[in-house]
Every structure is written in structure tokens, then in C-alpha cells.
Amino acid sequence: MATSSQLPPSVTAPPKPTWSPEPHGRPAPWLRPTIRIRLALLYGGMFLMAGIVLLTIIYILAANTLKEAPEFRVFGSNVRVGNISCPDLPSVGTVDEINSAIGTCIRDQRAMALHSFLNRSLIALVGLTVVAFAFGYAMAGRVLSPLGRITRTAQRVAGSDLHRRIELGGPDDELKELADTFDEMLDRLDRAFESQRRFVSNASHELRTPLAINRTLLEVQLADPEASPELQQLGKTLLATNERSEQLVEGLLLLARSENKVVDKRPVDLSEVAAQAVDQSREEAHGKGVEFRGVRGQVFVQGNGVLLERIALNLVQNAVRYNVPEDGWVEVSTEPQPGCAVLVVANTGPVVPAYEVENLFEPFRRLRTERTGSDKGVGLGLSIVRSVVRAHDGTITAQPREGGGLVMRVVLPS
């Protein structure tokens, strides 16, 4: 799309890029290995290990104590024993038989007592482990709450709200030192951006005014019927140069403004924006023999209408200007998708190598074209488009078409 030179018809289109422009989705919040979850696992795991060690020691001590307990023996010739807690104990028998049965019963009772003790201890350990994990999670959240506050402030700052500060209170520990350092960094950034805004405002006035004066003087001179043909030609050349300088200034100022996030967002019909861009470029497309195509379905996005119109207009104008000499076309379409809206601008044109696509979004970069001497623009169109798209939290990707041209795809949150 952004090229001025033509390739021979025999040259075939390069292969499609193998990289995927789609961003990788983030894992679900409960699957992310956050510090809070890791600390909770650490606390719970340490408690579990300590509980297992303690339970093992108690079990060994209890087993040794039961082994060292005195044994019960019966003396005499014939003994009658009542069967109370030992079901296998005979009621009548010799002393040796009774003592042997009593020993077996005592050993069984000890084993049952140890088994019951182990089962109940394991149940208690499991319950306490769950409580330990919950307690560790709660304590980790309390300890890490300053980090959450720092993160939320950083997210608001990322939305161009540089006036936010953390102002963390509490003890003078490492987290407070981190928060104070972050506040100092925000102060410096706020001053730097404020200085940039003032510079842009002053540059807007200082650069536009002399260019407007030059344009007025040239137009007045060209309107003089007594001016010689040489002077008329010189005036037209200077007027064209002045107009190019005005476009360059407007592009640089718009590029500087669009680097920030768009705060004042309103519902905008993306199909209407695309239709206006097509209407504004129709005369130029007719002069170059370029046909417009595409279905523009109604879809609304949250953003700034003027900046969104700049996105569509720059893409459509590029698609018209960097096209084939004959039987060219530009397809402009909009379609809704889950959670977003998509603007697609495809065109016929010269073959664009896949490795050159990303360079087209850089300021003053054209494909096989010098920085100056082109009547197709100042080399800021796609740079402005990418900056405005980013300011709307969207993405833009470019892909070479088979046979020449590009497919520009803009995805904006709805």
C-alpha cells in the first residue's frame, strides 16, 4: 500500500508471512502463578510438612510407650475368665492358654489404638492444612495489598492519567520505599509530558502561522493577472511545497497528540466513519481508475470520532494512491465480532515483501521510495494510524495480498 514504484508483471507475490499478528491471550486469573498464591502454597506447604514431622514423632513416641507398658499375666492352675473386650479370649483354660490369649488381645488392642490415633490425627492434619492454606492466602493478601495498590495506580497511569499517586502509608519498609520511588518517577513523567504538551501547543502556533502567511502571499501573487508565466510556475511550485510542509506539520502534531490514551470516548458508528472516508476519497479514486468495493455493516465502538475518521481516511487514501495503473480496486468493509469491531481495507497494488510490512508503520518510511520527492504524502499516514489505534486500545496488522497490494486489519474494542 505504501509504495510508489511498480514491479514487472512477471514478478510473483512473495509468500505470506508466517508470524501470527494475533496477540496471545493471558491465562485465567486463577491459573496465573501470582505471588499471593505462591506465598499461600509456601505457608500451607510448610505447615503440612511440619505437621507430618510432628505427627510422625508423636506416633513413634506413642508406639514406644505402648510397647513399654506392663503386661497382664494370670497365675494359677485353672482359671475362669470373663470375655469382655477380647472376643477371642477363652472363658476356661490353662494358665498358659489364658496368658497367650491375653497377650494377643493386648497387642491387638494396642494396634487398634495406634491405628485409630493415626486416622484421627490425619483427619485433624488435613483440616488444619486447609485452614493453614486459607490463613496463608489471607495473610499473603494483606501483606501484598500495597503491591496491588501500586499495580492499580500503574494501570491508571497507563491510561494517560499521570496525576495519580500511590501515597502509601504505613511502616517505612521495602514496599513503602518502592511506592515512594514510583511516585517520584510519576512526578518526573508528569512534568515531562506536560512539557511535551506545551511544546506541541507552541509548535502548532509557531509552525502554522508562517506557513499560512506564505500560502496567502503565494495565492495573492498567483491571482495577479499581470504575473509572467515563469512567475506563475514558480508560485505554483512554492505553493505545492508550502502545502507539503503544512501536511507534514499537521501530521507531526497529530502523531504527537495520538500517542496518549483517548479519555473522552463516545459511541461511534465505524461503518459511518468508513463511508465518509470512502466519499472523501472517491474523486481521487475516480481520477486514478480505482473502484471501491466492500460491505460496511453497522458496528459501534467507543472512541473519538475525529481520530477514528483519520484512521479510515489515511488507510483509504493510501490504498487509492498506492495502487495499480489500471483496473485497480479498494475494498473497505466493517464487521462486528465478539467484544470488538473490525475495519478491513484491502487493495490491489505492487507486490510488498513480507519483511517490509512492519517498516511501513515507521515515520517517513516508504517502500523503495525516497523521503522527499513523492507526491503521495509525507510518510506519516500509517504511523498516525498505528498511534491512533493504540490510543484506542486497538491493534492494526498488515498482510501482503497474493498478486500485490495489502490487507490492513484494524481491531477496536466495542
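Taking 4.5 Å as the limit, some side-chain heavy atom of L231 sits within range of a side-chain heavy atom of Q221. Between L239 and R215 the shortest side-chain heavy-atom distance falls below 4.5 Å. Looking at heavy atoms from C-beta onward, Q276 lies in side-chain contact with E309 at the 4.5 angstrom threshold.
Separating the OG1 atom in T241 from the CG atom in L218 is a distance of 9.5 Å, to the nearest 0.5 Å. With rounding to the nearest 0.5 Å, the separation of CZ in R191 from CG in L186 is 11.0 Å. Atoms CG and CZ, on L48 and F133 in that order, are 6.5 Å from each other to the nearest 0.5 Å. Atoms CD and CG, on E219 and N242 in that order, are 9.0 Å from each other to the nearest 0.5 Å. From L315, atom CG reaches atom CD1 of I396 across 5.0 Å, with rounding to the nearest 0.5 Å. Note that the CG atom of L222 and the CD atom of Q233 stand 10.0 Å from one another [nearest 0.5 Å].
Here the closest heavy-atom approach between residue H392 and residue V388 is recorded as ND1-O, 2.9 Å. Closest non-hydrogen pair, Q280 versus L313, comes out as OE1-CD2, 3.5 Å. Between F292 and V320 the shortest heavy-atom distance is CZ-CG2, 3.8 Å. Closest heavy-atom contact between N347 and A319: ND2-O, 3.4 Å. Across all non-hydrogen atoms, the minimal contact from A354 to P400 is CA-CG, 4.0 Å. The two residues T334 and A274 come nearest to each other via the heavy atoms CG2-CB, 4.1 Å.
Within 6.0 Å of the CZ atom in F47, the count of heavy atoms belonging to other residues, nucleotides or ligands exceeds 12. Within 6.0 Å of CD on Q232 lie more than 12 heavy atoms contributed by other residues, nucleotides or ligands. By the neighbour-count criterion of 12 heavy atoms within 6.0 Å, atom CG of D327 is sparsely surrounded, having that number or fewer from other residues, nucleotides or ligands.
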Full working for side-chain contact (heavy atoms from CB on, under 4.5 Å) between I52 and T56:
CA-CA 6 Å; I52 292 175; T56 303; 4.2 Å; yes
With side-chain contact (heavy atoms from CB on, under 4.5 Å) as the test, would you mind laying out the steps for F182 and L178 before giving the verdict?
CA-CA 6 Å; F182 193 77; L178 175 62; 5.6 Å; no
Going through the distances and angles, do N318 and N314 end up as a side-chain contact (heavy atoms from CB on, under 4.5 Å)?
CA-CA 6 Å; N318 272 9; N314 282 8; 5.8 Å; no
Run the salt bridge (charged side-chain N to carboxylate O under 4.0 Å, His left out) check on K288 and E283 step by step: do they pass?
CA-CA 9 Å; K288 293 180 177 293; E283 183 177 353; over 6 Å; no
List the steps and the verdict of side-chain contact (heavy atoms from CB on, under 4.5 Å) for L382 and M408.
CA-CA 10 Å; L382 293 182; M408 310 294 293; 4.0 Å; yes
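Partners of E335 under the side chain to side chain contact (heavy atoms under 4.5 Å, CB included) rule, at least two apart in sequence or in another chain, are Q337, V342, R409. In this structure, the side chain to side chain contact (heavy atoms under 4.5 Å, CB included) partners of L234, at least two apart in sequence or on a different chain, are L238. Remark: D279 pairs with R282 by the salt bridge (charged side-chain N to carboxylate O under 4.0 Å, His left out) rule, at least two apart or across chains. Contacts of M46 classified as side chain to side chain contact (heavy atoms under 4.5 Å, CB included), with partners at least two apart in sequence or in another chain: L42. With sequence neighbours excluded, no residue forms a salt bridge (charged side-chain N to carboxylate O under 4.0 Å, His left out) with D224.
A donor-acceptor pair is defined here as one N or O able to donate and one able to accept, closer than 3.5 Å; no such pair exists between the side chain of S414 and the backbone of A341. For the pair D393 (side chain) and L412 (backbone), a donor-acceptor distance under 3.5 Å is absent.
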Output side-chain donor-acceptor pairs under 3.5 Å for residues 295-303, partner residues at least two apart or in another chain, one line each.
residue: R296; atom: NH1; partner: V332; partner atom: O; Å: 3.0
residue: Q298; atom: NE2; partner: D269; partner atom: OD2; Å: 3.4

